[in-house]
Asker: 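Shown below is the structure under consideration.
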Amino acid sequence: MGKKKREFVLVLGAHSDDFVIGAGGTIAEYSREGKRVLCVVFSYGELSHPWMKKEEVVKIREEEAHKAGKVLGCRVKYFGLKDQGVYEDYKNKGIENKLLELIKKNKPTKVFTHSIEDPHPDHRAVHKITKEIYAQISGKKPELYVYSIWNPVSIKTSWPKMYVDITKSFSKKLKALKEYPSQRFQAIYPLMVFVFWRAFKNGLKIRKRMAETFYRVK
Ligand SMILES: [Zn+2]
């Protein structure tokens with residue numbers, strides 16, 4: 001029993017803050033339970049601040065993501081693919097093999113990714129990438145979950161829903177979000193309110209103070 005390998009959980013996201021918004025509380029919970037969590041960020045987010053030099057934005061956002069990962073207790077891996085060209089860049093740079101190797105080596109029990117109903121093209125690209133890589137996993141397949149960023153997680157599907165009680169880790173999620181000062185001018189404050197409201201609303205469904213919701217699609 002004691003020798004059992006630590007469970008590995010993989011979270012895939014397009015941008016540096018997606019894993020925090022979509023699953024930050026759950027990541028912190030899993031980490032607290034002793035699971036190993038790795039968050040993969042596909043895009044550098046270099047288009048987010050058009051008035052700054054590309055290299056600066058890239059560096060800042062990568063640092064922010066690593067700091068947020070520290071708060072949540074997960075590791076963060078950057079693939080640095082082009083904004084709005086994530087899928088093509090992923091194919092051209094041979095990232096697919098890297099990702100498959102990573103999955104083969106670590107054998108995740110759960111994989112989290114963007115929802116197909118997410119309107120953002122980069123988020124959709126990561127969803128597509130996940131589906132393709134999932135099909136290539138041989139042997140026992142991990143459970144596959146989708147999270148949502150701005151869109152509500154599907155209302156019209158019959159996928160099983162998973163609620164995770166994040167009452168204890170909710171403050172960590174907020175703290176992790178505050179590690180993204182470069183985002184402040186865009187959406188960070190309305191985002192906080194939104195994140196709070198959604199966690200509260202999900203919590204009501206399972207009679208907890210705060211919760212995150214996912215759909216299990218595989
Ligand atoms: Zn995003």
Side-chain angles (χ1 to χ4, degrees), residues 8-24 26-28 30-31 35-50 52-108 110-115 118 120-134 136 142 144-147 149 172-173 175-184 186-188 191:
F8 178 73
V9 176
L10 183 63
V11 183
L12 306 175
H15 307 109
S16 61
D17 52 359
D18 289 336
F19 66 95
V20 185
I21 300 167
T26 301
I27 291 166
Y30 286 170
S31 167
K35 296 182 172 80
R36 290 184 301 137
V37 186
L38 175 68
C39 300
V40 169
V41 177
F42 284 84
S43 152
Y44 262 135
E46 84 268 12
L47 294 178
S48 64
H49 294 61
M52 274 168 77
K53 265 206 207 122
K54 187 188 157 192
E55 306 77 59
E56 272 176 60
V57 178
V58 166
K59 210 174 133 247
I60 290 170
R61 300 207 82 180
E62 183 164 3
E63 278 171 13
E64 288 173 347
H66 283 290
K67 280 185 188 166
K70 248 189 171 164
V71 172
L72 300 178
C74 63
R75 285 197 303 126
V76 177
K77 190 172 178 61
Y78 248 73
F79 280 143
L81 304 173
K82 264 193 216 129
D83 282 21
Q84 290 170 25
V86 168
Y87 186 77
E88 292 69 26
D89 223 19
Y90 166 81
K91 290 280 179 185
N92 294 338
K93 287 184 178 157
I95 304 294
E96 193 168 20
N97 291 333
K98 272 195 191 174
L99 187 60
L100 195 58
E101 277 309 304
L102 190 154
I103 290 171
K104 275 185 188 163
K105 202 175 140 224
N106 293 286
K107 297 186 178 59
K110 290 185 175 74
V111 175
F112 291 81
T113 192
H114 288 287
S115 163
D118 194 313
H120 194 298
D122 290 344
H123 295 177
R124 296 182 86 100
V126 170
H127 181 88
K128 189 174 170 192
I129 285 168
T130 309
K131 279 297 198 47
E132 285 182 7
I133 209 88
Y134 191 87
Q136 294 179 58
L144 182 60
Y145 295 93
V146 293
Y147 60 81
I149 299 298
K172 277 191 186 163
K173 177 168 181 163
K175 195 167 171 236
L177 280 174
K178 285 179 188 148
E179 295 293 354
Y180 294 90
S182 79
Q183 301 275 63
R184 185 158 296 172
Q186 295 172 320
I188 198 80
L191 180 67

Asker: Output yes when a side-chain donor or acceptor of R75 lies under 3.5 Å from a complementary backbone atom of G69, and no otherwise.
Answerer: no
Asker: Please report, to 0.1 Å, the donor-acceptor pairs under 3.5 Å made by any side chain of residues 99-107, with sequence neighbours excluded.
Answerer:
{"residue": "N106", "atom": "OD1", "partner": "R36", "partner atom": "NH1", "Å": "3.2"}
{"residue": "N106", "atom": "ND2", "partner": "L102", "partner atom": "O", "Å": "2.9"}
{"residue": "K107", "atom": "NZ", "partner": "K104", "partner atom": "O", "Å": "3.3"}

Asker: Working to the nearest 0.5 Å, report the span between NZ of K172 and CD1 of I27.
Answerer: 12.0 Å
Asker: For the residue pair D18 and H123, confirm or rule out a side-chain donor-acceptor distance under 3.5 Å.
Answerer: yes
Asker: If you define the side chain from C-beta out and look only at heavy atoms, does anything of H66 sit under 4.5 Å from E62?
Answerer: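 SC-SC contact between H66 and E62 confirmed.
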Asker: Would you indicate whether K70, at its atom NZ, is surrounded by more than 12 heavy atoms from other residues, nucleotides or ligands within a distance under 6.0 Å?
Answerer: no
Asker: To the nearest 0.5 Å, what is the distance between CG (L38) and CZ (F8)?
Answerer: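 The CZ atom of F8 is 4.5 Å from CG of L38, to the nearest 0.5 Å.
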Asker: Do E132 and Y90 pair up side chain to side chain, a donor and an acceptor below 3.5 Å, judged on atom types alone?
Answerer: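 There is no such pair between these side chains.
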Asker: How far does NZ of K175 sit from NZ of K178, to the nearest 0.5 angstrom?
Answerer: 9.5 Å
Asker: Flag the pair T113 / Y134 as yes when at least one side-chain heavy-atom distance between them is below 4.5 Å, and no otherwise.
Answerer: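 Contact flag for T113/Y134 side chains = no.
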Asker: Is there a donor-acceptor pair under 3.5 Å between the side chain of K173 and the backbone N or O of I21?
Answerer: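 Such a contact is found between K173 side chain and I21 backbone.
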Asker: Would you please indicate yes or no on a ring centroid separation below 6.0 angstrom for H120 and H114?
Answerer: no
Asker: Between atom NE2 of H15 and atom CG of D83, what is the distance when rounded to the nearest 0.5 Å?
Answerer: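 Here the rounded value is 5.0 Å.
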